[in-house]
Amino acid sequence: TAKSDSCKGFLHTYAKWVLMPFQSAKKLVRSFHKMLAKDASGAVATYLSPDCIWRGFHPFGILTHNQIAPDFWAPLQSAIRPMQRREDIFFAGDNSLDAGGVWVVSMGNLMGLFDQPWLGIHPTQKIVMLRYCEFSRVEGDKITEQAMYFDIPHLMAQAGQNPFPDGTAQHLVQPGPVGGRGILLDDAPKQEGVATLRAINAMISDLGNWDHPLSLEEELRLTWHEDMIWWGPTGIGATYTIKRYAKQHSGPFRATFKDRDFNGHIARLAEGHFGGFFGWPNFTAIADKPYLGLQPNGKRVEFRVIDIYRRDGDKLAENWIFIDFLHYAKQMGRDILGELQ
């Protein structure tokens, strides 16, 4: 009996971690995206479960099933049209955290002509790109949970209304990964995803220790390539190499915020050389200095974040970041979108 139970346990683990039945989940999400481009209401009704949890950056927050299409997708598709999904990264994986589940990740830009106002942002009549990253939990033939994070300040900057003009790094329309192999339609070998997740977890462990005995640059070299690229959100910008990343983001950020509490992630997964995570919020902290032009107010504030990574060898090489800075500003007493109204 003990041998039989052991065999059953092995087969269960093998089925979960080796066979990786991600194809059906990937196909479902791609079908959702295809219908979404033509019929947002139909796509939501067809592919999202009635109790789907949808999380989006400020001003949307958590939407119920009957709010997703009319409150988010319809106004966005009316403003930026015809909308194309310019996808740079697409992968799936088992959530490595206790909550489990199969998740599919899509990251890139939503592109179109900005012909109508959206959220008070003035249209340009020109091409624009809205950076996005979407995590979708798939159960059976439905998407039961989504995190749809998007860089609205990046869109504002393209429209000449940048609310954070003094970023420490460089503002860019950000490209996909080096080599252009970020769209994993076929399931990648399991060992590659394991290696990527191992590198991400090691980085998280170092990141959580702000009293690390090594210098910041020495700490970063434990898990990052020297020529790393950090594709940050508008408000910070992108930066290149460990030395400049430490100077243009990581160092100033650590010097600004104190009493940081890690809230944990909802999903953390990897496939092949790509992986990522998101939280709601990921962490909270108190600003000790001005940040993004906002004065400290002594309040503990939330940070909602998505991180996507590319691994090269045993270290991380690229990182795409989405941070809800409009939500941060609101907590600091500035309603940026309200000012546009």
Side-chain angles (χ1 to χ4, degrees), residues 20-57 59-95 101-119 123 127-152 155 176 182-187 266-267 269 271 274 276 278 306 308 320 322:
M20 296 192 305
F22 301 147
Q23 282 297 300
S24 61
K26 289 179 179 179
K27 289 178 181 178
L28 186 141
V29 170
R30 294 194 85 75
S31 296
F32 167 67
H33 289 166
K34 185 176 180 180
M35 182 181 285
L36 189 65
K38 300 177 180 179
D39 178 9
S41 296
V44 170
T46 302
Y47 292 102
L48 272 58
S49 66
D51 58 350
C52 178
I53 301 172
W54 190 96
R55 298 176 177 89
F57 276 1
F60 298 97
I62 297 178
L63 300 182
T64 60
H65 185 275
N66 63 353
Q67 295 174 312
I68 298 169
D71 289 7
F72 178 71
W73 283 112
L76 178 60
Q77 290 174 332
S78 294
I80 302 174
R81 58 189 180 186
M83 182 176 287
Q84 290 187 12
R85 183 180 295 262
R86 310 286 295 189
E87 194 170 55
D88 294 314
I89 291 176
F90 181 81
F91 66 92
D94 285 301
N95 185 4
V102 172
W103 290 77
V104 179
V105 178
S106 171
M107 190 206 82
N109 289 274
L110 300 176
M111 185 201 80
L113 297 172
F114 192 11
D115 283 351
Q116 299 292 333
W118 186 59
L119 304 178
I127 188 173
V128 291
M129 290 188 173
L130 175 64
R131 295 181 65 229
Y132 81 90
C133 188
E134 174 192 81
F135 277 61
S136 300
R137 179 172 183 167
V138 177
E139 298 182 71
D141 62 351
K142 296 292 182 183
I143 295 169
T144 59
E145 197 169 349
Q146 279 194 319
M148 179 63 183
Y149 290 3
F150 31 83
D151 192 344
I152 293 175
L155 178 66
I183 298 179
L184 308 184
L185 298 181
D186 297 322
D187 293 344
I266 292 175
L269 57 138
E271 183 185 14
F274 297 90
F278 80 94
I306 274 181
I308 301 296
W320 294 262
F322 297 78

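Both tests pass for Arg131 against the ring of Phe322: distance under 6.0 Å to the centre and angle within 45° of the axis.
Minimum heavy-atom separation, Asp115 to Pro123: C-CB, 3.6 Å. For the residue pair Val138 and Val104, the shortest heavy atom distance occurs at CG2-CG2, 4.2 Å. Taking both residues in full, the closest heavy atoms of Val105 and Leu269 are given as CG2-CD1, 4.1 Å, listed atom of the first, atom of the second, then distance. When all heavy atoms of Ala40 and Gln77 are compared, the pair lying nearest together is CB-OE1, 3.6 Å. Between Ala267 and Trp103, the shortest heavy-atom contact is CB-CE2, 3.8 Å. Nearest heavy atom pair, residue Pro75 against residue Pro70, reads CD-O, 3.1 Å.
Taking OH of Tyr132 as the reference point, atom CG of Asp88 lies at 8.0 Å (rounded to 0.5 Å). One distance of note links OG of Ser41 with CG of Asn66; it measures 10.5 Å at 0.5 Å rounding. In this structure, Ile80 CD1 and Met129 CE are separated by 11.0 Å, a value rounded to the nearest 0.5 Å. Of the inter-residue distances, the one linking Ile152 atom CD1 with Phe57 atom CZ reads 9.0 Å to the nearest 0.5 angstrom. Taken to the nearest 0.5 Å, the CZ atom of Arg55 stands 3.5 Å off from the CD1 atom of Ile266. Atoms CG and CZ, from Leu36 and Arg30 in turn, are 13.0 Å apart once rounded to the nearest 0.5 Å.
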Exercise. Could you go step by step and tell me if Asn109 and Gln84 meet the side-chain contact (heavy atoms from CB on, under 4.5 Å) rule?
Worked result: CA-CA 8 Å; Asn109 289 274; Gln84 290 187 12; over 6 Å; no

Problem set entry | Check against side-chain contact (heavy atoms from CB on, under 4.5 Å), Arg85 and Leu110 | CA-CA 5 Å; Arg85 183 180 295 262; Leu110 300 176; 4.2 Å; yes

For this session: For the pair Ile89 and Ile183, evaluate side-chain contact (heavy atoms from CB on, under 4.5 Å) and give the outcome as yes or no after the intermediate values.
Result: CA-CA 5 Å; Ile89 291 176; Ile183 298 179; over 6 Å; no

For this session: For Glu139 and Ser49, run side-chain contact (heavy atoms from CB on, under 4.5 Å): C-alpha distance rounded to whole Å, both residues' side-chain angles, the deciding distance at 0.1 Å, then the answer.
Result: CA-CA 9 Å; Glu139 298 182 71; Ser49 66; over 6 Å; no

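Side-chain atoms of Gln23 come within 3.5 Å of backbone atoms of Leu185 as a donor-acceptor pair (strictly under, hydrogens ignored). Put simply, the side chain of Gln67 gets close to the backbone of Thr64: a donor and an acceptor are under 3.5 Å apart. Distance alone, capped at 3.5 Å, is enough to place a donor-acceptor pair between the Lys142 side chain and the Thr46 backbone.
More than 12 non-hydrogen atoms from other residues, nucleotides or ligands lie less than 6.0 angstrom from CZ of Arg81.
Applying the salt bridge (charged side-chain N to carboxylate O under 4.0 Å, His left out) rule to Lys26 yields the partners Asp187, Glu271; only residues at least two apart in sequence or on another chain are considered. With sequence neighbours left out, the ring pair (Phe, Tyr, Trp, His ring centres under 6.0 Å) criterion links Phe135 to Phe278.
Screening residues 60-85 for ring-ring contact (aromatic ring centres under 6.0 Å, His included), with sequence neighbours left out, gives Trp54-Phe72, Phe60-Phe72, Phe60-Phe150, Phe72-Phe150.
At a threshold of 4.5 Å between non-hydrogen side-chain atoms, the residues Gln146 and Phe32 count as touching. Between Leu76 and Leu130 there is a side-chain heavy-atom pair separated by less than 4.5 Å.
There is no side-chain donor-acceptor pair under 3.5 Å between Ser136 and Tyr47. Under 3.5 Å, the side chains of Ser106 and Glu134 contain no donor-acceptor pair of N or O atoms.
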